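Residues: numbered from 1 along the sequence shown. Source: prediction; values computed, not measured. What you see below is based on every heavy atom in this structure, not just the backbone, and it leaves out hydrogens, waters and symmetry mates.
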Amino acid sequence: MSLDRPAEVRRRAATLGLVGLLAALATAPAALAAPDATTASATVPADLERAAGARLGDVRVLAHFDRAAGQVAESIAPEPGGSVVIGMISARQVVRVGRDGAVQVLATMPLPPGGGATTPVVGAPDVTGVARSDGGAVYFLYSSGQGGLTGIWRLHRSGEPRLVVPLPADTFPNALVIDRRRHRFLITDSAGGRIWQAPLSGGEATVWSADPALAPAGFFGANGMKIHDGAVWATNSDRGSIVRIPVTKDGGSGRAEVRATGLEGIDDFDFTGRGTEILAAINQSSKLVSVGADGAHETLLDADDGMQGTTAVIVRGNRVYVTNGANLVGNDPTLMLAKLQRR
């Protein structure tokens, strides 16, 4: 497959994974929309660099995945003991990686009727976000372009996944977070630029926020998501931003504030445990960056360190897990492990 196409197509495709690349190369890029002027925004220069922050050491590859089989690593859910659960986009799989790097396939979702060509934006079905409850239940997102398949699935011990929260066919659910305090799921919708909520026990989903700061500008809007310090934080891949949405007393959404910009192609992220300092995966440029409370950012890992289409990061204590999807450059999707060195 040739990548000798307009740079704008390649830039947008980088935020979408393998199937997004195929879709982007097949169609002309949509025009970028200007950010909504009514959205609260921090005045952070897009190219501001950080003077100091977290550092990573002992960086190593824990597991290699099968790129030819579509194992484009997308998301990470940690488990007790050091293993992690990962969603694999094009393979439509959920896998577990043990402390020793052994990879076990937990579930493979079936192709929908018609092959999933109606999947929003990308035109092919994907497994994306994963989450694990305190009780050990594994949940994951499936986007298929069809009702009755798109939504939150639970992986049962029998090995047969079950749909617990259906989502509309025109959504592209991407990040999945369990809000333990309010016993609910939160889900980013990259196609619609929204965050949905649904009961942890399962059932109907409703829109929690459709703030303009979450909206796409041609391809993917809201992407990665975390809950931190009384707010929901989300990335916007098209706009290269990190957005903070306060949670109101009744659990609703307040007005969004853009906390960082200049992060074109940003995917997933996590907090380091030091205030609002963030580690963010930049899919487009194959980087892992740190983002300070003031929005300034600094590259910690890049292609020289083995980054290839970096998609997700999770911090647990001083352990940092990073996935590389190898979706635009390279052919070696991996799970990497590093040691967080706070300064």
Taking every non-hydrogen atom, the tightest pair across [X] and [Y]:
{"X": "Ala107", "Y": "Leu155", "value": "CB-CD1, 3.7 Å"}
{"X": "Ser241", "Y": "Ile266", "value": "O-CG2, 3.9 Å"}
{"X": "Thr188", "Y": "Ala175", "value": "OG1-N, 2.8 Å"}
{"X": "Ala198", "Y": "Val165", "value": "CB-CG1, 3.5 Å"}
{"X": "Ala260", "Y": "Val291", "value": "CB-CG1, 3.8 Å"}
{"X": "Leu163", "Y": "Leu149", "value": "CD1-O, 4.2 Å"}

State, with a plain yes or no, whether a side-chain heavy atom of [X] is found less than 4.5 Å away from one of [Y].
{"X": "Val232", "Y": "Trp208", "result": "yes"}
{"X": "Leu214", "Y": "Ser209", "result": "yes"}
{"X": "Val72", "Y": "Pro333", "result": "no"}
{"X": "Arg244", "Y": "Thr276", "result": "no"}
{"X": "Leu337", "Y": "Arg319", "result": "yes"}
{"X": "Arg154", "Y": "His156", "result": "yes"}

Can you get from [X] to [Y] by hopping between Ile, Leu, Val, Met, Phe, Trp and Tyr side chains that sit under 4.5 Å apart?
{"X": "Val322", "Y": "Leu340", "result": "yes"}
{"X": "Ile245", "Y": "Met225", "result": "yes"}
{"X": "Trp153", "Y": "Val85", "result": "yes"}
{"X": "Val103", "Y": "Val84", "result": "yes"}
{"X": "Val59", "Y": "Tyr321", "result": "no"}

Can you list, pair by pair, the side-chain donor-acceptor contacts under 3.5 Å of residues 302-310, counting residues two or more places apart and other chains?
residue : atom : partner : partner atom : Å
Asp302  : OD1  : Asp304  : N            : 3.0
Asp305  : OD2  : Asp302  : N            : 3.0
Gln308  : OE1  : Asn331  : N            : 3.2
Gln308  : OE1  : Asp332  : N            : 3.1
Thr310  : OG1  : Asn324  : OD1          : 3.0

Let me have the donor-acceptor pairs involving side chains of residues 108-123, under 3.5 Å, with sequence neighbours excluded, atom names and distances please.
residue : atom : partner : partner atom : Å
Thr118  : OG1  : Gly145  : O            : 3.0
Thr119  : OG1  : Gly116  : O            : 2.7
Thr119  : OG1  : Ser144  : O            : 3.1

Can any side-chain N or O of [X] pair as donor or acceptor with the backbone N or O of [Y] at less than 3.5 Å?
{"X": "Asn223", "Y": "Ser237", "value": "no"}
{"X": "Asn283", "Y": "Thr311", "value": "no"}
{"X": "Asn236", "Y": "Val243", "value": "no"}
{"X": "Ser190", "Y": "Ala222", "value": "yes"}
{"X": "Asn174", "Y": "Gly129", "value": "no"}
{"X": "Arg67", "Y": "Ala326", "value": "yes"}
{"X": "Thr334", "Y": "Met336", "value": "no"}
{"X": "Asp179", "Y": "Arg184", "value": "no"}

(message) I need the Asp170 CG to Gln146 CD distance, nearest 0.5 Å.
(response) 13.0 Å
(request) Find the distance between OG (Ser75) and CD1 (Ile314) and round it off to the nearest 0.5 Å. (result) 9.0 Å
(message) Distance alone, cut at 3.5 Å: any donor-acceptor contact between the side chains of Thr128 and Asp126?
(response) no
State which residues pass side chain to side chain contact (heavy atoms under 4.5 Å, CB included) with [X]; sequence neighbours excluded, sorted by chain then number.
{"X": "Ala73", "value": "Phe65, Ile86, Met88, Thr323"}
{"X": "Asp268", "value": "Lys226, Ala312"}
{"X": "Pro173", "value": "Leu141, Ser143, Thr150, Leu167, Thr171, Ile187"}

(message) Suppose we screen for salt bridge (Lys or Arg N to Asp or Glu O under 4.0 Å). Which residues come up paired with Arg194, at least two apart in sequence or across chains?
(response) Asp189
(request) With sequence neighbours excluded, tell me which residues meet side chain to side chain donor-acceptor pair (under 3.5 Å) with Thr272. (result) Glu277
For residues 200-207, tabulate all N or O donor-acceptor pairs below 3.5 Å that involve a side-chain atom, not counting sequence neighbours.
residue : atom : partner : partner atom : Å
Thr206  : OG1  : Gln197  : NE2          : 3.3

(message) Is the distance from the ring center of Trp233 to that of Phe271 below 6.0 Å?
(response) yes
(request) Any pair with a residue in residues 129-138 that passes side chain to side chain donor-acceptor pair (under 3.5 Å), sequence neighbours left out, goes on the list, sorted by first then second residue, please. (result) Asp134-Arg180
(request) Sequence neighbours left out, what pairs pass side chain to side chain donor-acceptor pair (under 3.5 Å) with at least one residue falling in residues 95-104? (result) Glu79-Arg96
(request) For Phe185, enumerate each residue passing the ring-ring contact (aromatic ring centres under 6.0 Å, His included) test, keeping only those at least two apart in sequence or located in another chain. (result) Tyr139
(message) Just to verify, what does Tyr142 make a ring-ring contact (aromatic ring centres under 6.0 Å, His included) with, not counting sequence neighbours?
(response) none
(request) Report the C-alpha distance between His64 and Gln71 in whole Å, list the side-chain angles of each, state the deciding distance to 0.1 Å, and finish with yes or no for side chain to side chain contact (heavy atoms under 4.5 Å, CB included). (result) CA-CA 10 Å; His64 295 269; Gln71 288 188 332; over 6 Å; no
